[in-house]
Amino acid sequence: MIADETIADEMTVEQMSAQIKRLAAEKNALILVHNYQIPQIQALADILGDSLDLARRSVQATQPVIVFCGVRFMAETAKILAPDKTVLHPCPDAGCPMADMVDLEGLRALKARHPLAKVVAYVNTNSDVKAEVDVCCTSSNAVKVVEGIDADEIIFVPDCNLASYVQRFTEKKIIPWAGFCPVHRRFTVAEVKAVRERYPDALIMVHPECDPEIIDIIDEVASTNGMVKLAQSSDRKQFIVGTEEGLIHRLQRENPDKEFYSLGSPKVCPNMKKIQLIHVLQALQRDQYQVQVDATIARRARKALDEMLNYV
Ligand code: 13P
Ligand code: SF4
């Protein structure tokens, strides 16, 4: 076993990846990886997926240890859904700025102003907020969750763009929180117009975290796994991808006969890129960093997450 960081520093990518795989097998650890992670981390994945898929796989896992390569709310979600497992998050400072945009006091005040409303939280929220809501959702089941919940008024936190996307498909009144993803907000209408001119035959697909003016003029809106399915099933040969650039690597690798381009300049989520091979190696060597969620918060948040998993 490599116990010394200096030795780890001198290893090639292949050696380090092989060492991680060996350690993961020794410890019977499942490596879950989000679609935005860097290519070397994607290559380690037992399961590579979007947030809903990874949440579901955490529940189904038979291994006692999960190494979660994604941002913190995803690792906490795995721990809440699989409390008996050891969940390791290799970089605990990899958070999601959008998740930090909701504060409990503000949410409670909004609930008090709308006593008949139920609260739907995008899974991109911190655990204490999940504990305060009726049900969670991800970008791949948000419309179904809102339609399925027993209320005509829905407070939707934190992403105002996902809220406005859902509003297009429901008669219910959505009361949005003013949060947003700083990465997806950088896509522009001018970028859409430019790619349409340059690649007139391409399918333009974007994440629902993009601004409504973008959603109005593109071809498809999907979660990251939704884009993987679109790329596989479509007859098109060229695709314009309006989400974090890590997904483009996966799309190109899985569809070598098709072409994938970022919508405008590549958009990078710095938090998703924090996890490097050395962090995963150290996570397995040192059993770090173990995700812990306060028991009361976890019990309440679990209800909202279990409910989310009823919506495929
Ligand atoms: P997905 O659930 O589509 O993977 O999205 C997660 C995310 O953080 C988008 O920015
Ligand atoms: Fe959060 Fe946006 Fe990064 Fe997704 S891309 S993790 S929503 S900051």
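Numbering starts at 1 and runs along the sequence shown. All ligand and atom numbering here is 1-based and tracks the order in the structure.
Using a 4.0 Å cut-off to heavy atoms of Asn124, the atoms of ligand 1 that qualify are 7 (C), 8 (O). Near His184, meaning under 4.0 Å from any of its heavy atoms, are these atoms of ligand 1: 10 (O). Under a 4.0 Å criterion applied to the non-hydrogen atoms of Met98, ligand 2 contributes the atoms 7 (S). Residue-ligand proximity, Ser223 to ligand 1, at heavy-atom distances under 4.0 Å covers atoms 3 (O). With ligand atoms numbered from 1 in the order given, ligand 2 contributes 2 (Fe), 7 (S) to contacts under 4.0 Å with heavy atoms of Glu209. Within ligand 1, the atoms closer than 4.0 Å to a non-hydrogen atom of Asp50 are 1 (P), 2 (O), 4 (O), numbered from 1 in the order shown.
Here the heavy atom of the protein found nearest to atom 3 (Fe) of ligand 2 is Cys269 SG, 2.4 Å. In terms of protein heavy-atom proximity, atom 1 (Fe) of ligand 2 is closest to Cys96 SG, 2.4 Å. Nearest non-hydrogen protein atom to atom 5 (O) of ligand 1 is His207 NE2, 3.3 Å. In terms of protein heavy-atom proximity, atom 10 (O) of ligand 1 is nearest to Glu209 OE1, 2.9 Å.
Of the candidates Gly70, Ala99, Pro97, Ser139, the one placing a heavy atom closest to atom 8 (S) of ligand 2 is Pro97. Comparing Gly246, Ser51, Gly49 against atom 1 (P) of ligand 1, the shortest heavy-atom distance belongs to Ser51.
For the pair Ser139 and ligand 1, a heavy-atom separation below 4.0 Å is found. For the pair Met272 and ligand 1, no heavy-atom separation below 4.0 Å is found.
Under 4.0 angstrom from ligand 2, there are no non-hydrogen atoms of Glu244. Neither the backbone nor the side chain of Glu244 has any atom closer than 4.0 Å to an atom of ligand 1 (non-hydrogen atoms only). Contacts of Asn124 with ligand 2, taken as heavy-atom pairs under 4.0 Å, involve the side chain alone.
Residue contact annotation: Cys181 places no N/O/S atom under 2.8 Å from atom 3 (Fe) of ligand 2.
Other residues, nucleotides and ligands place no more than 12 heavy atoms under 6.0 Å from the CD atom of Glu171.
A salt bridge links Glu254 and Arg250; the closest N-O separation between the charged side-chain nitrogens and carboxylate oxygens is under 4.0 Å. Using a cut-off of 4.0 Å between Lys/Arg side-chain N and Asp/Glu carboxylate O, Lys27 and Asp287 are scored as salt-bridged. Salt bridge absent: Arg186 and Glu191 never bring a charged side-chain N and a carboxylate O closer than 4.0 Å. Ion pair Asp201/Lys237 not flagged as a salt bridge, since none of the NZ, NE, NH1 or NH2 atoms sits closer than 4.0 Å to an Asp/Glu carboxylate oxygen.
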Item to check | Evaluation steps, salt bridge (Lys or Arg N to Asp or Glu O under 4.0 Å), between Arg108 and Glu132 | outcome: CA-CA 8 Å; Arg108 286 178 182 148; Glu132 193 73 26; 3.1 Å; yes

Next on the checklist: Using salt bridge (Lys or Arg N to Asp or Glu O under 4.0 Å), reason through Asp216 and Arg168 one step at a time and then give a plain yes or no.
Outcome noted: CA-CA 11 Å; Asp216 284 341; Arg168 294 171 191 242; 2.9 Å; yes

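The two residues Ile80 and Arg302 make their nearest non-hydrogen contact at O-CD, 3.5 Å.
Ring geometry, His184 versus Phe187: the interplanar angle falls from 30° to 60°, so the pair is classed tilted.
The shortest N/O to N/O separation between Thr224 and ligand 1 falls below 3.5 Å.
Judged purely by distance below 3.5 Å, without hydrogens or angles, the side chains of Asn161 and Asp211 pair a donor atom with an acceptor atom. A donor-acceptor contact closer than 3.5 angstrom is absent between the side chains of Asn124 and Asp159.
Aromatic rings from Tyr261 and Phe239 are positioned such that their centres are separated by 6.0 Å or more.
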